[in-house]
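Worksheet for the structure shown next.
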Amino acid sequence: MSEAKIEAVAGLLEDETARAILTQTSREPMSASELKQRCDASGPTIYRRLEQLRERDLIEEQTRPDPESGHHKQVYAPNLRRVTVELVDGELRLEIDRREDMSDRFTRLIENI
């Protein structure tokens, strides 16, 4: 991964609100309004961090039915398990171990048969 990408991911993970979003959504997917309450941040800050996390593929947006309103809502869940920074031969390497959803796992299983 390039130095610029490492700096972008590291800078994002350094941000308290971004870390709070990742830790809160690791327990259960949450909407932006739920995150606003749990992370003690303004709505614009939450949406800005969600966008930055999505750009780096660290969080995913899911659509869930909302039985109370009869509509649907967007919720967010982390798309990572682990971030590793390694120094190899004078070069920093960043590895992101992403979650694999059930459909990807099933596809991989079928392809390997």
Side-chain angles (χ1 to χ4, degrees):
M1 189 171 273
S2 74
E3 189 74 25
K5 288 182 180 178
I6 291 172
E7 286 182 20
V9 170
L12 187 54
L13 293 176
E14 183 179 31
D15 181 79
E16 183 179 344
T17 303
R19 287 193 318 271
I21 289 170
L22 290 170
T23 57
Q24 290 295 320
T25 57
S26 71
R27 294 180 184 109
E28 66 178 299
M30 293 185 180
S31 68
S33 60
E34 291 169 319
L35 286 166
K36 180 181 165 191
Q37 294 172 347
R38 300 258 180 108
C39 298
D40 193 32
S42 70
T45 298
I46 293 294
Y47 281 107
R48 196 169 30 255
R49 292 308 176 277
L50 285 169
E51 182 60 31
Q52 292 167 334
L53 288 164
R54 273 195 311 258
E55 286 173 358
R56 301 285 174 233
D57 198 24
L58 300 177
I59 202 161
E60 62 184 16
E61 186 177 59
Q62 304 168 350
T63 302
R64 294 272 169 91
D66 185 358
E68 292 177 15
S69 69
H71 296 96
H72 64 277
K73 65 180 181 178
Q74 300 304 114
V75 295
Y76 302 89
N79 190 29
L80 75 140
R81 289 179 210 204
R82 177 184 11 214
V83 176
T84 307
V85 178
E86 200 174 19
L87 183 60
V88 179
D89 296 327
E91 183 179 299
L92 285 175
R93 294 185 186 167
L94 178 76
E95 182 179 326
I96 300 173
D97 182 15
R98 291 187 166 72
R99 290 183 175 190
E100 185 176 43
D101 68 17
M102 291 301 286
S103 62
D104 291 339
R105 206 174 298 154
F106 181 74
T107 300
R108 192 169 36 88
L109 175 70
I110 295 301
E111 288 174 348
N112 289 331
I113 293 180

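The chain is numbered in sequence order, starting from 1. Since this is a predicted model, take the numbers as computed values, not measurements.
The local environment of CD in Gln62 is crowded, with over 12 non-hydrogen atoms from other residues, nucleotides or ligands closer than 6.0 Å. By the neighbour-count criterion of 12 heavy atoms within 6.0 Å, atom CD of Glu14 is sparsely surrounded, having that number or fewer from other residues, nucleotides or ligands. Within a 6.0 Å radius of CG in Asp40, other residues, nucleotides and ligands contribute 12 heavy atoms or fewer.
Remark: the Gln74 side chain and the Thr63 side chain contain an N/O donor-acceptor pair separated by less than 3.5 Å.
The two residues Ala20 and Cys39 make their nearest non-hydrogen contact at CB-SG, 3.7 Å. Between Val75 and Ser31, the shortest heavy-atom distance links the atoms CG1-N, 3.9 Å. In terms of heavy-atom proximity, Ile21 sits nearest to Leu53 at CG2-CD1, 3.8 Å. The minimum heavy-atom distance linking Ala41 with Thr17 is given by the pair CB-CG2, 4.1 Å. Contact record, Pro29 with Arg64: CG-NH2, 3.6 Å, taken as the closest heavy-atom pair.
From Lys73, atom NZ reaches atom CD of Glu34 across 4.5 Å, with rounding to the nearest 0.5 Å. In this structure, the separation between CD on Gln52 and CG on Asp15 is 7.0 Å, given to the nearest 0.5 Å. In this structure, Gln24 CD and Gln37 CD are separated by 11.0 Å, a value rounded to the nearest 0.5 Å. The distance from atom CZ of Arg54 to atom CD of Glu61, rounded to the nearest 0.5 Å, is 5.0 Å. For the atom pair CZ (Arg49) and CD (Glu16), the distance works out to 10.5 Å, reported to the nearest 0.5 Å.
In this view, Ser42 and Pro44, Thr45 satisfy the side chain to side chain contact (heavy atoms under 4.5 Å, CB included) rule, not counting sequence neighbours. Taking the salt bridge (Lys or Arg N to Asp or Glu O under 4.0 Å) definition, one finds that Arg82 meets it with Asp97, sequence neighbours left out. Applying the side chain to side chain contact (heavy atoms under 4.5 Å, CB included) rule to Ala32 yields the partners Ile46, Tyr47, Leu50, Tyr76; only residues at least two apart in sequence or on another chain are considered.
For the side-chain contact (heavy atoms from CB on, under 4.5 Å) test with Ile59, the passing option among Asn79, Thr25, Leu80 is Thr25; the others fail.
Taking 4.0 Å as the cut-off between side-chain N and carboxylate O, Arg93 and Glu91 count as a salt-bridged pair. With salt bridges taken as basic N to acidic carboxylate O contacts below 4.0 Å, none links Arg48 and Glu51.
Hydrophobic clustering (ILVMFWY, side-chain heavy atoms < 4.5 Å, transitive): Val85 and Val88 are in distinct clusters.
The main-chain N or O of Leu13 is found under 3.5 Å from a side-chain atom of Arg19 such that the two form a donor-acceptor pair.
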